[in-house]
Amino acid sequence: MADSGSKTQSPHIALFPSSGMGHLTPFLRLAATLSNQNFHVTVITFHPTVSFTESKILSSFFSAFPQITSKEFHLLPFDPSTVNSKDPFFLQFEAIRRSAPLLSPLFSSLSPPLSALITDITLASSFLPITSNLHLPNYILFTSSAKMLAFLTYYPSLIDTITNTTEIGDEIKIPGLSTIPKSLIPPLLLDLTKLFTTQFIENGRKIIESNGVLINTFNTLEPESLKALNEGKVIKGLPPVIPIGPLVPCDFEKGSPLLWLDDQPEGSVVYVSFGSRTAMSREQIRELGVGLVKSGCRFVWVVKDSKVDTEDEEDLEVVLGNGLVEEVKKKGIVMKGWIDQEEVLSHQAVSGFVSHCGWNSVSEAAWHGVSMLAWPQHGDQMINADVVRKSGLGMWVESWVGGNLVKGEEIGEKIKELMEDEGLRLKAAHLRDEARKAVDVGGSSEVGLLKLRKDLEPAM
Ligand code: UDP
Ligand code: UDP
């Protein structure tokens with residue numbers, strides 16, 4: 001199964017994403033990049049997907065890349081009532097993890113023989129023992145920030161020194177990194193009985209057994225974390241952490257254009273979106289609408305009322321209330337459903353992004369030099385917001401975290417501040433230039449991918 005016996009010209013690499021657009025999107029971008037560099041690529045998918053958007057993007061992807069092999073993975077039956085989680089995405093992670101015994105026959109059915117697997121971080125601890133038995137190199141694609149990776153690899157050792165997470169002090173000192181306030185830790189991870197927490201800790205322990213960690217970031221965005229990880233400060237024995245970011249949005253992701261943007265002055269529009277799976281309370285959504293009106297700015301606002309798109313059925317008039325819908329439509333575009341975020345962020349009319357700080361959104365904002373107003377809600381988003389602020393990509397009002405209702409007045413003021421801050425715009429433009437350099441010839445992303453090829457190419 002290992003690469004050394006293969007007679008193929010190009011390495012054959014299989015990618016195994018897990019569920020949710022935040023995981024699938026970077027995998028498909030990486031698959032596209034590797035295919036364009038003449039790797040032989042297989043993408044393994046499972047069905048049904050949790051959201052409609054995932055199945056839609058997969059079909060556009062495979063139509064755009066007929067040279068990439070699509071392989072379906074059939075999940076073993078799994079009873080969700082046996083685990084402590086109701087989150088459909090986390091339950092899907094678990095269903096895939098428990099189906100790991102089916103991997104060996106799947107890999108043996110692939111031709112030419114695999115040179116390596118790239119596995120999503122959420123699946124790492126259940127897949128690594130299997131690939132190790134097969135002597136198949138297994139790289140992890142980490143879909144969040146390097147700071148979050150540092151936390152993932154450090155957290156198991158912290159847990160081993162305590163009996164209860166209440167013993168964790170107000171500040172966490174990860175070796176090689178500046179101190180992280182406890183409030184930035186995904187709250188879910190403080191409950192050790194939760195499914196996500198057990199997966200997270202197991203993945204954090206096992207990641208050192210992988211051949212390398214590919215990560216969607218670049219040096220100028222996260223110098224401190226990348227340095228600490230690669231100098232072995234965070235945890236000893238970690239394989240190379242290879243920054244291959246930013247993973248650039250591709251044509252297969254394109255949706256229909258938002259023509260309204262073409263009529264707006266340069267840099268005048270703020271884009272507001274909380275990603276593919278973060279819904280706010282109705283009360284908070286309405287305050288946000290009031291805030292947008294009060295800001296006096298033009299805007300594109302995607303309203304998300306439910307975690308999974310198949311359940312997000314309520315009309316805008318019901319979510320916002322009739323009066324508010326009329327008000328917001330005077331100044332901007334408000335919609336529900338899926339928008340082509342790449343099209344919005346790349347548009348010259350757009351210069352600000354109010355975001356939950358899902359890592360793909362942060363990376364896309366950096367790619368286009370759009371300043372962010374970070375409004376993290378849960379999970380890794382607080383740690384990512386910290387990266388946004390420290391890198392200069394945006395501002396973060398920390399008091400907005402924690403589910404407290406933020407009033408429209410305050411939201412409006414901050415959005416105005418974001419849109420008027422020239423200093424922030426310059427910093428974001430600098431990050432855009434650095435992001436472009438990272439993917440250019442000789443840049444960190446190109447060098448990282450060349451290293452991967454060198455490691456996998458059959459010995460000549
Ligand atoms: N996205 C999009 N349109 C939408 C919502 C999200 O294109 O209406 C894309 C966005 O560009 C990003 C991904 O979906 O690539 C969401 O990933 P992210 O890590 O930002 O957040 P998550 O959805 O995982 O919370
Ligand atoms: N993650 C991880 N180990 C795990 C599960 C998740 O390191 O076992 C990371 C992963 O990179 C992800 C982040 O934690 O981006 C947050 O998880 P997830 O994407 O599921 O939640 P979301 O951001 O969509 O709310």
Side-chain angles (χ1 to χ4, degrees), residues 17-32 49-58 60-61 87-90 92-93 120-122 141-145 147-149 186 188 196 215-217 221 245-258 271-280 299-310 312 316 333-347 350 353-368 370 372 374-385 387-388 393-394:
S18 72
S19 82
M21 288 301 283
H23 296 264
L24 191 53
T25 304
F27 262 86
L28 297 182
R29 289 178 188 166
L30 176 59
T49 56
V50 175
S51 64
F52 171 64
T53 319
E54 290 165 83
S55 60
K56 204 161 157 252
I57 196 90
L58 281 170
S60 321
F61 174 78
D87 184 302
F89 294 96
F90 298 165
Q92 187 79 321
F93 298 167
D120 187 83
I121 179 59
T122 60
L141 175 59
F142 192 76
T143 50
S144 187
S145 54
K147 185 163 239 167
M148 189 64 193
L149 175 62
L188 193 58
F196 183 80
I215 184 161
N216 183 20
T217 193
L221 189 59
L247 287 165
V248 181
C250 303
D251 283 351
F252 70 85
E253 300 171 51
K254 273 203 190 321
S256 35
L258 188 56
Y271 167 55
V272 184
S273 167
F274 292 82
S276 67
R277 47 159 296 173
T278 296
M280 280 174 160
F299 54 83
V300 173
W301 178 25
V302 187
V303 174
K304 196 156 172 52
D305 188 43
S306 197
K307 185 177 269 195
V308 184
D309 57 9
T310 48
D312 205 344
L316 260 180
I333 298 284
V334 55
M335 56 171 283
K336 286 186 81 208
W338 193 255
I339 197 170
D340 179 352
Q341 179 158 305
E342 164 63 10
E343 197 233 340
V344 177
L345 289 177
S346 63
H347 202 286
V350 176
F353 183 10
V354 180
S355 166
H356 70 314
C357 293
W359 188 246
N360 295 287
S361 292
V362 174
S363 159
E364 291 156 18
W367 177 246
H368 290 296
V370 174
M372 301 180 87
W375 193 353
Q377 303 291 312
H378 58 78
D380 56 345
Q381 298 160 14
M382 279 87 73
I383 285 189
N384 298 344
V387 175
V388 166
L393 184 58

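Indexing begins at 1, ligand by ligand and atom by atom, following the structure's order. Below, each value reflects all heavy atoms present in this structure, side chains not excepted, and no hydrogens, waters or symmetry copies.
Within ligand 1, the atoms closer than 4.0 Å to a non-hydrogen atom of G22 are 17 (O), 24 (O), numbered from 1 in the order shown. Residue R29 approaches ligand 1 through these ligand atoms, each under 4.0 Å from one of its heavy atoms: 15 (O). Heavy-atom contacts of W359 reach the following atoms of ligand 1: 19 (O) (cutoff under 4.0 Å).
A distance-only check finds no donor-acceptor pair linking the side chain of N216 to the backbone of T143 [under 3.5 Å]. Side chain of S55 to main chain of F52: a donor-acceptor pair is present (N/O by atom type, distance under 3.5 Å, no hydrogens or angles). When atom types are taken as modelled, the side chain of T25 and the backbone of M21 share a donor-acceptor pair closer than 3.5 angstrom.
Note: S19 OG to F93 CZ = 5.0 Å, rounded to the nearest 0.5 Å.
For a threshold of 3.5 Å applied to N or O pairs, the pair formed by E364 and ligand 1 contains at least one separation below that value. Any N or O atom pair closer than 3.5 Å counts here, and T25 shares no such pair with ligand 1. Checked against a 3.5 angstrom limit, the closest N/O atoms of T278 and ligand 1 fall outside it. Between N360 and ligand 1, an N or O atom pair is found at a separation short of 3.5 Å.
Under 4.0 angstrom from ligand 1, the non-hydrogen atoms of H356 all belong to its side chain. Both the backbone and the side chain of I339 come within 4.0 Å of ligand 1, judged by heavy-atom distances.
A salt bridge is defined here as a Lys NZ or Arg NE, NH1 or NH2 lying under 4.0 Å from an Asp or Glu carboxylate O, and R277 with D87 meets this definition. Electrostatic pairing of E364 and R29 counts as a salt bridge here, judged by a charged N lying under 4.0 Å from a carboxylate O.
Closest approach of L221 and V387 over heavy atoms only: O-CG1, 4.0 Å.
Distances from atom 16 (C) of ligand 1 to the heavy atoms of S276, S144, G358 put S276 nearest.
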